[in-house]
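Down below is the structure, laid out as structure tokens.
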Amino acid sequence: MTEQELGITERKEHNPGEWYAEVVRKAGLADYAPMGGFIVTRPRGYAIWERLKRHLDGWFKETGVDNAYFPMFIPESYLEREKDIVEGFDPEVAWVTHGGREELDERLAVRPTSESIIAPFISQWVRSHRDLPMRVNQWCSVVRWEATETKPFFRTKEFLWQEGHTAHATHEDAWAETMTRLGQYERLYEEVMAIPGMKGRKPEHDKFPGAHTTTTIEALMPDGKSVQAGTSHHLGTSFAEAFDITYTDEEETERTAHTTSWGLSWRALGALIMTHSDDQGLVVPPALAPTQVVVVPIWQEDTETAVTEYAADLAAELDERFRVEYDDRDGRNPGFKFNEHELHGVPLRIEVGPNEVEEDGATLVHRPDGENETADRDGIADAVEDALETVYAKLYAAAEENLTENVREAHGRGEILGTIGRHGGYVKTGWCGDEACEAEIKDEIAAEIVMLPMDRDEEPIHETCGVCGEAAVETAYFAKSY
RNA sequence: GGGAUCGUGGGUUAGCUUGGCUAUACUCGCAGCCUUGGGUGCUGUGGACCCCGGUUCGAAUCCGGGCGAUCCCA
């Protein structure tokens, strides 16, 4: 009874939607805001976002990206300069029409994305080929007034993200940039979040408005749905033309630049929660956990002094290398503390009682599976380091297994529908390139083409389209998605 | 886009069919006591009927609308 009130009551396997909502609330990550579709990100949730951000931002800076900040409002006339952007985002733009009591002469869009406010400045800043490549990134929030249902972190009307915008001399340079950023997103997912991803292209009809190519990294959730985990767009020259981003080359000829943009949002948090967490609550890989290690002292009246001194000393030593919490709260028994730290997703728990003091050791317990190990007091920090690596490895292995077991091949309408319906996951099949063939699957089972192979010239796995039977031009990956 | 379920202290909830006294219980917070190998016990105390309108002598309960949440289908 008590357990049901404080902990997670829904089972991940039976009711993933409700389970997810419970983890988000009870692990203290977010609350619902008074306006539908908005959330309040609580310190525990924001701390994870900050760590994600720190990793990615570091890699950006190492690879020539500078941070900047642009206004959150975009004049309507700016937004209209690239017609695809207008059409693509029109239904979900929030507008500011008044400043105080005064109606504005020109209404202002709350940025749904910032190409149209950043590009005009890149245009001013780029004069010669020596100014290229030009790279700016901003960490900010954007607003998209989605009509669809919202879910904390996965889909909210306002969300936090980073958006990078670059200009390059050649198509090839821009392509290299696009792939560099996609690679960094993949690295973030794999190394930091312990989630394997698959890289690919979006089909024509699902590209970013106006883009030459939209690339994506997709991650598979345990309920069989795919998440677009990050995107990187080669924008070609359409934005440069619309916003006049030109440069003078070595021969003093004026040329149009090639631009890119790329973004990763707090949807990554949603994917993280959904992937690793369980019926006990949140599970977070060590690299992201606000608290990596919790030390819980366990004593009886006559052992109190010995145990607490030993445990406090141990915690202090570990604190030099890890993010450590020493949980010496009075009036809470160990069981309570264990449950609470499991709910909060602390990757490693260290139990210290009379037995450990006696043996000059410590008991290390892994969050993902409750596995115990004993470590010597000497060299405890190295043992903790190893244990944290083991925790990461366990999480990655489980996620990787889920992915590899859920990429299947199918051919023919019934087989595609049946395979997705029965197992979820990805189904690859030949595709003729016609959107209508995707629509046919989508209408039936709400699965769509989430990805095409990165290499345009790759031979399709089947000679004919899995839906209509015409000649296939490429391989399509169908999946249900968030 | 269509359908279903739901909204009561911070959390979980009883009461609603058949309108009626100070709105139930657990948990939680605070003060104090107790003390620890998987959600310990005791005392005191704090805190709620999603919003607007309607019916009525009287609405948490009935009716209408709105907002919000979850799930299923397209």
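Just so we're clear, the structure is a prediction, and the values are computed from it rather than from any experiment. Each chain gets a letter, A, B and so on, in the order the sequences are listed, and its residues count up from 1.
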For the side chain of [X], counting heavy atoms from C-beta on, which of [options] is nearest?
X: A:R332; options: B:rC28, B:rU35, B:rG38; answer: B:rC28
X: A:Q300; options: B:rU35, B:rG38, B:rG37; answer: B:rG37
X: A:K26; options: B:rG11, B:rG38, B:rU35; answer: B:rG11

Pick the [atom1] atom in [N] and in [M], then give their distance to the nearest Å.
N: B:rC67; M: B:rU27; atom1: P; result: 38 Å
N: B:rC6; M: B:rU12; atom1: C1'; result: 15 Å
N: B:rU8; M: B:rU18; atom1: P; result: 23 Å

### Query
At under 4.0 Å between heavy atoms, what does A:E444 touch on the DNA or RNA strands: base, sugar-phosphate, or nothing?
sugar-phosphate
### Task
Just grab all the ring pair (Phe, Tyr, Trp, His ring centres under 6.0 Å) pairs involving residues 268-297 of chain A, residues at least two apart or on different chains.
none
### Message
Contact list please: residues 357-379 of chain A against RNA chain B, heavy atoms, distance less than 4.0 Å, in numerical order.
### Response
none
### Message
In dot-bracket form, 5' to 3', how is RNA chain B paired? Count Watson-Crick and G-U wobble pairs only if both distances fall under 3.5 Å, and write | where the partner sits on another strand.
### Response
(((((((..(((.......[....)))((((((.......))))))...(((((..]....)))))))))))).
### Message
Tell me whether the side-chain N or O atoms of A:E22 pair up with the base of B:rG11 as donor and acceptor below 3.5 Å, since no angle test is needed here.
### Response
no
### Message
Go nucleotide by nucleotide along RNA chain B from the 5' end; which of A:E340 and A:K337 gets its closest nucleotide reached first?
### Response
A:K337
### Task
Identify, between A:I445 and A:V352, the residue whose nearest nucleotide on RNA chain B lies closer to the 5' end.
A:V352
Partners passing side chain to side chain donor-acceptor pair (under 3.5 Å) against [X] (at least two apart in sequence or in another chain):
X: A:S481; answer: A:E448
X: A:D434; answer: none
X: A:D327; answer: A:R329, A:H341
X: A:D369; answer: A:K394

### Query
What about A:Y32 and A:F38, are their ring centers closer than 6.0 Å?
no
### Query
Do A:W266 and A:F159 have ring centroids that are under 6.0 Å from one another?
no
### Query
Is the phosphate of B:rU40, meaning OP1 or OP2, less than 4.0 Å from a side-chain N or O of A:N333?
yes
Side chains of residues 281-296 of chain A: which donor-acceptor pairs under 3.5 Å do they make with residues two or more places apart or in other chains?
from	atom 1	to	atom 2	distance (Å)
A:Q292	OE1	A:R323	N	2.8
A:Q292	NE2	A:P286	O	3.1

Taking only distance into account, with no hydrogens and no angle test, what donor-acceptor pairs under 3.5 Å do side-chain atoms of residues 221-230 of chain A form with protein atoms, sequence neighbours excluded?
from	atom 1	to	atom 2	distance (Å)
A:D223	OD1	A:K225	N	3.2
A:D223	OD2	A:Y482	OH	2.5
A:S226	OG	A:E218	OE1	2.6
A:S226	OG	A:Y426	OH	2.9
A:Q228	OE1	A:K202	NZ	3.4

### Query
Over how many whole Å does the gap from A:W299 atom CH2 to B:rU36 atom C1' extend?
6 Å
### Query
Between atom CG in A:D330 and atom P in B:rC33, what is the gap in whole Å?
10 Å
Please enumerate all protein N or O atoms sitting under 3.5 Å from an N or O of nucleotides 64-71 of chain B, with distances to 0.1 Å.
from	atom 1	to	atom 2	distance (Å)
B:rA69	OP1	A:G37	N	3.4
B:rU70	OP1	A:Y32	OH	3.3
B:rU70	O2'	A:E18	OE1	2.4
B:rC71	OP1	A:G17	N	3.3
B:rC71	OP1	A:G17	O	3.4
B:rC71	OP1	A:K151	NZ	3.3
B:rC71	N4	A:E149	OE2	3.1

I'd like a table of donor-acceptor pairs (distance under 3.5 Å, sequence neighbours excluded) in which one partner is a side-chain atom from residues 77-102 of chain A, with atom names and distances.
from	atom 1	to	atom 2	distance (Å)
A:S77	OG	A:E106	OE2	2.7
A:E82	OE1	A:D84	N	2.9
A:E82	OE1	A:I85	N	3.2

### Query
Taking only residues two or more places apart in sequence, or in another chain, which ones meet A:H233 in a ring pair (Phe, Tyr, Trp, His ring centres under 6.0 Å)?
A:F208
### Query
What residue among A:E204, A:R201, A:R456 forms side chain to side chain donor-acceptor pair (under 3.5 Å) with A:T213?
A:R456
